[in-house]
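Notes for the one structure printed next.
What you see below is based on every heavy atom in this structure, not just the backbone, and it leaves out hydrogens, waters and symmetry mates. Every chain is numbered from 1 and lettered A, B, ... according to where its sequence line falls, protein lines coming before strand lines.
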Amino acid sequence: MQLADKYSSENIEQKWYDFWMENNLFHSEPDAREPYCIVIPPPNVTGMLHMGHMLNNTLQDVLVRRARMQGKNACWVPGTDHASIATEAKVVAKLKAEGIDKSTLTREEFLKHAWEWKEKHGGIILQQLRKLGASCDWDRTCFTMDEPRTAGVIKVFVDLFRKGRIYRGVRMVNWDPSAKTALSDEEVIYKESQGKLYYLRYKIEGSDEYIVVATTRPETILGDTALCVNPNDERYKHLAEDARVIVPLVGRSIPVIRDEYVDLEFGTGALKVTPAHDVNDYMLGEKFGLEAIDIFNDDGTINDKVGMYVGVDRFECRKVIEGDLTAAGLMEKVEPYTNNVGYSERTGVAIEPKLSMQWFLSMEELAKPATKAVMEDIIKFVPTKYKNTYRHWMENIKDWCISRQLWWGQRIPAYYLPKGGYVVAETAEEALRLAQEKDSTITMSDLRQDEDVLDTWFSSWLWPISVFDGIRYPNNPEIEYYYPTNDLVTGPDIIFFWIARMIMAGYEWRNEKPFANVYFTGIVRDKLGRKMSKQLGNSPDPLDLIAKYGADGMRVAMLMSTSAGNDVMFDEALCEQGRNFCNKIWNAYRLVNMWEVDNAIAQPDYAKEAIKWFDEVMLERIERVHHNMAQYRISEAFTELYRLFWDDFSGWYLEMVKPAYQCPIDSATIARTKHYFDELLRLLHPFMPFVTEEIWQDLRSENDPISICIASEPKAERKADEGILSRFSLAEEVITAIRNIRKQKNIAQKEAVSLHYIADENYPAEYEAVIRKMGNLKEVEAVAEKEAAASAFIVKTTQYFVPMEGAIDKEAELKKLTADLEYLEGFLASVMKKLSNERFVSSAPEKVVANERAKQADAEAKIAALKEQIKALK
RNA sequence: GGAAGCUUAGCUCAGUUGGGAGAGCGUCUGCCUUACAAGCAGAGGGUCAGGGGUUCGAAUCCCUUUGCUCCCACCA
């Protein structure tokens, strides 16, 4: 094969992805092999790929590809999430742009638009994942709102209802006035906001006195139904037991109540009570039997209950009321104030606490086995620090508001009867049957299904079960084979939304964990540490990066910068590094590939030596990679391979066995070299699938599998020989020292030099041919005495000399030797200090003491040698 | 207000049961050497945030201070 001198990912990646698909290499069916399964965290169906997806899916692909190469039946199930609020908001916006207002459409008409949108945009994100090389089983692609998943969700709802876990009731919920729906507590994000604290005057009835109340939300005076003070507050002791005050502007008379809930320190110590629009006021209202006046429409404008400011938006109303209060002399003062305001996770608007009728799921029982599973490491969290977060939430879990006032989603299967009451059933027919048990005259047209849909997470929490249709068919062969899945890779931001709930669902419907391990990724930030966002414009388009650096380059960037649970500081330079690594692999292959083989020539000594060493290197590194991967230290595992290929294989081994220019190579060496190359590619393949396949295909012989995807992962058959590795490192040191001398003395690599040494047990004689070649030595000779006319160095205890032609710089040599001597004497002193410490020698482990003694011996030998060299020089 | 995590080279981070401070990138020097300048060879760079303790011995364990991150709570 003729190879270009630079690696280009351009045509290669698409070619091999197509090849993998044509050969169905990612498809999995249950069989006798051990399964390995990952379910993808389903991205929003209308979403676009961002850097977080790149990170997350690179890691999943590494795990899946590796499992596949280990001979497991690897199955990575892809899919998308219907993301009810986000998608509905997008569809509403799109319709609005076309001049269609959602409110003019029927549910059916709207859903038709929504499905059209989904068909058009849905799945783009999955197409994008293919560019990354994701080895998903695309035949299994699921959607949280497709028919099997929807049926599962409905079945689960009915099941929970029958178990008495689902109830309906009026509660204070988080209302999103933009999406016009209730949200769960988890969907509210609190942020510090600059606001104002308004001091309002409430006139005491039958008196000219005022009580001043501090509030951040003056517009809610419309809903005030009491004023509350602390019973211990001296400032208000004089008030009559049944005192009443007049709500400013509104003119309504409300009672003054007394409760210790009120903080004496805050504001004026007087609190206005608006039970319909504040969680704490709501509790006061319950306690004192106050009326709750809901003053807002669903979109956050003022309704007509009070007859003032009707139709005005809540924030506009705040400004108007501020002016009106001031004009009426009812505003004492206004102060700047910073407080926490809740915002909708999806639409970004400020949440309005609102009383409304919603469906709730009681969580306490569900949480119990799920908490236990994580705390007892039946499900392992990587890193473990998230166990604490998890436990805290689980132990304080609140009921889950599962109804959403949207259309895009699974409609709640509750059917209301004409004369009140309702039934819950999987189908309308079943609902009718149940209804008729209550009232035999009811017909289908009498039943009215609940208008609300379910929270998206109410379908996602079933994902590891539902992708195998295990809700509807709990005993089907697929769910029995693949469940529980092995690894889940996701961000800690959805630990409550998703992970915790999947664990609960797993135990509830399969009495078994949904996955064995959860690997938490961090957030991808830019190199300044800022979160990537559209507003900041600091989020690169991953597809652009892939086009520029290749998918493999992109993957390397992700792998180099990530460790479990830590944020990723993304820097485009890392992609460049990844691309360079691809090029390095490519060129290493180009070198090996261009050698002409001559079967007649014998294997040179240097090649024998290099192979003897590199066999051990491979064993050692394979073991380390394996060890790192077992602990999910994916970044370290990759770095290990990166250095193995670049430094040890390319920098040392290939240079050692490389034949002289235009000379052929012997058959034994080329065979072994290609064997290493094959192993290295197989080790690298899970991390860099494309470049490894491209080269491996050229290397592949007939009996090999058709793709590296299904080739086997190299294993270390035995432990590496430490002795060989440490002896070789002496040779490496000698070569480096020679290179150093060349550099210092300005001797070109081309110019051969001599090396003399005083033989002792630390002279690596078995690598002499390698030293000779790598050092470009014309002779290597043992001598009896140190030489003056030479650059000298010491490795371990062996003295070496590179004879210099002409005079050497005595002063410079002496200076260097003296500096070395000083350092060594200091080092020896510190070693001796330890060894002369009675308590160290008696309490430290034998190994450590022996090590110190070896250091002592080495240092002493070196010092003696240095002294001799100095003497010889003088 | 409460919890957790972090603080190691200029930058990003490893450092596994306590026993010689590491990597990648960047920097500096020299090389367009016939696989690769997307490269090669070499070098410099750290009081392991500060303080205290345990120990023969601490980046590592304990206490404490500082700074950062994040989660939970939501007093108007």
Residues which pass salt bridge (charged side-chain N to carboxylate O under 4.0 Å, His left out) with A:D259, listed by chain and number, not counting sequence neighbours: A:K287
Value in whole Å for how far the C1' atom of B:G20 lies from CZ of A:F827: 7 Å
Heavy-atom closest contact (A:V657 atom, A:A607 atom, distance): CG1-CA, 4.2 Å
Sugar-phosphate, base or nothing in reach of A:T216, heavy atoms under 4.0 Å: sugar-phosphate
Length of the CZ-P vector between A:R525 and B:C11, whole Å: 18 Å
Within residues 841-856 of chain A or reaching into it, pairs that qualify as side-chain hydrogen bond (donor to acceptor under 3.5 Å, both in side chains) - sequence neighbours excluded: A:E852-A:K855, A:Q856-A:E860
What are the atom names and distances for every N/O pair under 3.5 Å that joins the protein to nucleotides 57-62 of chain B?
none

Nearest to side-chain heavy atoms of A:N837, which nucleotide of B:A35, B:G24, B:C56: B:C56
Within the 6.0 Å centroid threshold, strictly below: A:F687 and A:Y642: no
Pairwise P distance for B:C6 and B:A76, with rounding to whole Å: 32 Å
Donor-acceptor pair under 3.5 Å, A:N583 side chain vs B:C36 base: no
Span that lies between the C1' atom of B:U7 and that of B:U12, in whole angstrom: 14 Å
Base-pairing string, 5' to 3', of RNA chain B - Watson-Crick or wobble, under 3.5 Å, | interstrand: ((.(((...((((.....[..)))).(((((.......))))).....(((((..]....))))).))).))....
Candidate nucleotides B:G39, B:A35, B:C72, ranked by approach to the side chain of A:H392 - the nearest: B:C72
Side chain A:Q744 and base B:A43 donor-acceptor under 3.5 Å: no
Touch class at under 4.0 angstrom, heavy-atom based, for A:Q749 against every strand present: nothing
side-chain N/O A:R633 vs B:G15 OP1/OP2, d < 4.0 Å: yes
Whole-Å P distance, B:A9 and B:C62: 22 Å
Sugar-phosphate only, base, or nothing, as touched by A:A588 at under 4.0 Å among non-hydrogen atoms: base
Interatomic distance where CD belongs to A:E751 and P belongs to B:A41 [whole Å]: 20 Å
A:D263, nearest nucleotide to its side chain (from B:C36, B:A76, B:G24): B:A76
Euclidean distance for P, B:A73 against B:G15 (whole angstrom): 31 Å
Per-nucleotide protein contact string for nucleotides 26-31 of chain B, where B marks a base within reach and S marks sugar-phosphate only (heavy atoms under 4.0 Å, - for neither): ---BB-
Detail all sub-3.5 Å separations between protein N/O atoms and N/O atoms belonging to nucleotides 4-9 of chain B.
none

From B:G19, B:A38, B:A73, nucleotide with atom closest to A:K398 side chain: B:A73
Short side-chain N/O contact from A:R739 to OP1 or OP2 of B:G42, under 4.0 Å: yes
